[in-house]
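Here the structure comes first, spelled out in structure tokens, and everything after it is commentary.
A, B, ... follow the sequence lines: proteins, then strands. Residue 1 opens every chain. Here the structure is a predicted model, which is why all the values come from computation and not from measurement. All values below come from the heavy atoms of this structure, side chains included, with hydrogens, waters and symmetry mates left out.
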Amino acid sequence: MAVCIAVIAKENYPLYIRSVATQNELKFHYTVHTSLDVVEEKISSVGKALGDQRELYLGLLYPTEDYKMFRKLHNSFTDVMCNPFYNPGDPIQSKAFNGVVSGMMVQTG
Amino acid sequence: MAHEAPFQLLHSELIHYICKTADGENGRSVTKLENMGFRVGQGLIERLTKDTARFKDELDVMKFICKDFWTCVFKKQIDNLRTNHQGIYVLQDNKFLLLSHMSAGKQYLEHAPKYLAFTCGLVRGALSNMGVKSIVTAEVSVMPACKTLNVESEMIYLTFDLGLKFLLRL
């Protein structure tokens, strides 16, 4: 169950960002931004390793994350990319993508 | 993509349509075709690389294009890949699907650029979504063999000579 989900473009700006409605939303956005540094670190250290399926995932940043969640998100993102009406680089506004993300967010009352 | 014919026919019709609706401006139809190929390449590469491992380097990326990508689109692999290890790659296809029904020699050579534009865009789009900025050009000397040159560069522009040269410069 996720509390905040973000899709970041190649150029390091967010294509899609959504979090559970709480008072600390800004804090989540900051966390996403700082996690980009961790991602970059992992990418540069992975250069010499053997090709491996899970490398797409880059491993858990925190122990509570779920690999299946990443796959679902990636599949959903691929579908968005293949939509001819979507221009790469635009914010993601697809209802189907929203649906998948809602399914993954923590349910609060 | 079970059979090549639908794609070939659609591609021919696409070229015919674009060239018909751009009567006065000859150079622009080739650019339009290339841009369409670019967008298609972007989506296609996302689908194809969903389950593949992260690529170690540029050469790995090019090998993927030559094998899996080319097989998916054209039902065969690239016949020859050469590189100068400094950003220029030459992909050679001796029986390019989209030209094979046109001629078996030098006839219709002058019409070849239109038929290569979409494919150049396709490769450029695929590379772009894998993080490789490039310029793709194609060259035909004898139908239906076709060479695609990829070069990495900071500038992205496409020049079309009537000599049927596509050049990618990075």
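Under the 4.5 Å side-chain heavy-atom criterion for ILVMFWY residues, a single connected hydrophobic cluster contains both B/L59 and B/W70. Placement of B/L122 and B/F38 in two distinct hydrophobic clusters is found when ILVMFWY residues are connected by side-chain heavy-atom separations under 4.5 Å, directly or transitively.
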Report the C-alpha distance between A/D79 and B/R47 in whole Å, list the side-chain angles of each, state the deciding distance to 0.1 Å, and finish with yes or no for side-chain contact (heavy atoms from CB on, under 4.5 Å).
CA-CA 8 Å; A/D79 290 336; B/R47 269 226 191 274; 2.8 Å; yes
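Taking each heavy atom of B/G43 and A/C82 in turn, the nearest pair found is O-SG, 3.5 Å.
Contact annotation for A/F77: only side-chain heavy atoms (C-beta onward) come within less than 4.5 Å of a heavy atom of chain B. Only the side chain of B/R39 comes within less than 4.5 Å of a heavy atom in chain A; its backbone stays farther off. Both the backbone and the side chain of B/N129 come within contact range of chain A, each with at least one heavy atom under 4.5 Å from a heavy atom of that chain. A/N83 touches chain B through its backbone: at least one of N, CA, C or O sits under 4.5 Å from a heavy atom, while the side chain does not.
Taking NZ of B/K50 as the start and NE2 of A/H74 as the end, the distance is 7.5 Å to the nearest 0.5 Å.
When side chains are defined from C-beta on, A/V80 does not count as touching B/E46, because their heavy atoms never get closer than 4.5 Å.
Not a single salt bridge (Lys or Arg N to Asp or Glu O under 4.0 Å) links A/D90 to another residue, sequence neighbours left out.
Counting non-hydrogen atoms of neighbouring residues, nucleotides and ligands closer than 6.0 angstrom, the NZ atom of B/K67 reaches no more than 12 such neighbours.
Checked for salt-bridge contact, A/R71 and B/D51 meet the test: a charged N lies under 4.0 Å from a carboxylate O.
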